[in-house]
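Note sheet for the following structure.
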Amino acid sequence: MAEQTTGMCYFRAMKFFIDTANLDQIREAEALGVLDGVTTNPSLMAKEGITGDEAVKAHYKAICEIVDGDVSAEVIATDFEGMIEEGQALAALHPNIVVKVPAIADGIRAIRWFTDNGIRTNCTLIFSPGQALLAAKAGASYVSPFVGRIDDISSDGLQLIEKIRVIYDNYDFGTEILAASVRHTMHIIECAEIGADIMTGPLSAMKGLLKHPLTDNGLAQFLADHAKANG
Ligand code: G3P
């Protein structure tokens, strides 16, 4: 798990990544003061209208300038040689870039190559404990189990996080569990209870953690009492 600072104290903490390529949302999350990194994928890049090799690279650099933390950038190639070429170019953009690689056979091979060559990786599209085990054995820095997409097919995404946690703890794998496809506040809370190292989700889910009517009512009462007492 991450080591974070609070004043002069150090403690272990769940990391919060934002899952978007939208620069305004990344800035807003960064301004909250709790953002540890960013994850993107080809769909999120396309959603922002970022197309073409140069524009994609410039966008990743722009994200790295906003956030002082890891930024996952996904390869498009699905063959070993293509992934290596693309991943090296992405990693060269900024020290915080983590190369995102799909959980397929060539991807696992590529993760091993990247690991052996000092390039950090995020193994994505993880839907089973076996995929997470292989990714960890290949030396992935992160695995991304897709919680929400498993829930979408009436299965239990959080159960996958639990299983991966047990497997990694059994053997002290250094790979961090990056709970992805997080959709809402309860996903975040339950991932924290299970002990996911990181969650990546939308800004709305992060901000949703703050919502409580008793906080709003209590604050309104405090301010009203203060105004009454102070004229
Ligand atoms: O990090 C993976 C994530 O982007 C997938 O999320 O909501 O498209 O399932 P979603």
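For ligands, and for the atoms within them, numbers begin at 1 and follow the listed sequence.
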Enumerate the pairs of nitrogen or oxygen atoms, one from ligand 1 and one from the protein, separated by less than 3.5 angstrom; state names and distance to 0.1 Å.
unit_1	atom_1	unit_2	atom_2	d
ligand 1	1 (O)	Asp19	OD1	3.3
ligand 1	1 (O)	Asp19	OD2	3.2
ligand 1	4 (O)	Asp19	OD1	3.4
ligand 1	4 (O)	Asp19	OD2	2.5
ligand 1	4 (O)	Asn41	ND2	2.9
ligand 1	7 (O)	Arg183	NE	2.9
ligand 1	8 (O)	Arg149	NH2	2.9
ligand 1	9 (O)	Arg149	NE	2.7
ligand 1	9 (O)	Ser181	OG	2.7
ligand 1	9 (O)	Arg183	NH2	2.9

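- Heavy atoms only, all atoms of each residue included: Thr124 and Glu74 are closest at CG2-OE2, 3.7 Å.
- With sequence neighbours left out, the side chain to side chain contact (heavy atoms under 4.5 Å, CB included) criterion links Asp152 to Arg149, Arg183.
- The salt bridge (Lys or Arg N to Asp or Glu O under 4.0 Å) search around Lys207 returns Glu28, not counting sequence neighbours.
- Asp70 and Tyr142 form a side-chain donor-acceptor contact under 3.5 Å, judged by distance and modelled atom types alone.
- Heavy atoms of other residues, nucleotides or ligands lying less than 6.0 angstrom from CD of Gln88 number more than 12.
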Please report, to 0.1 Å, the donor-acceptor pairs under 3.5 Å made by any side chain of residues 46-54, with sequence neighbours excluded.
unit_1	atom_1	unit_2	atom_2	d
Glu48	OE1	Asn22	ND2	3.1
Asp53	OD2	Lys57	NZ	3.2

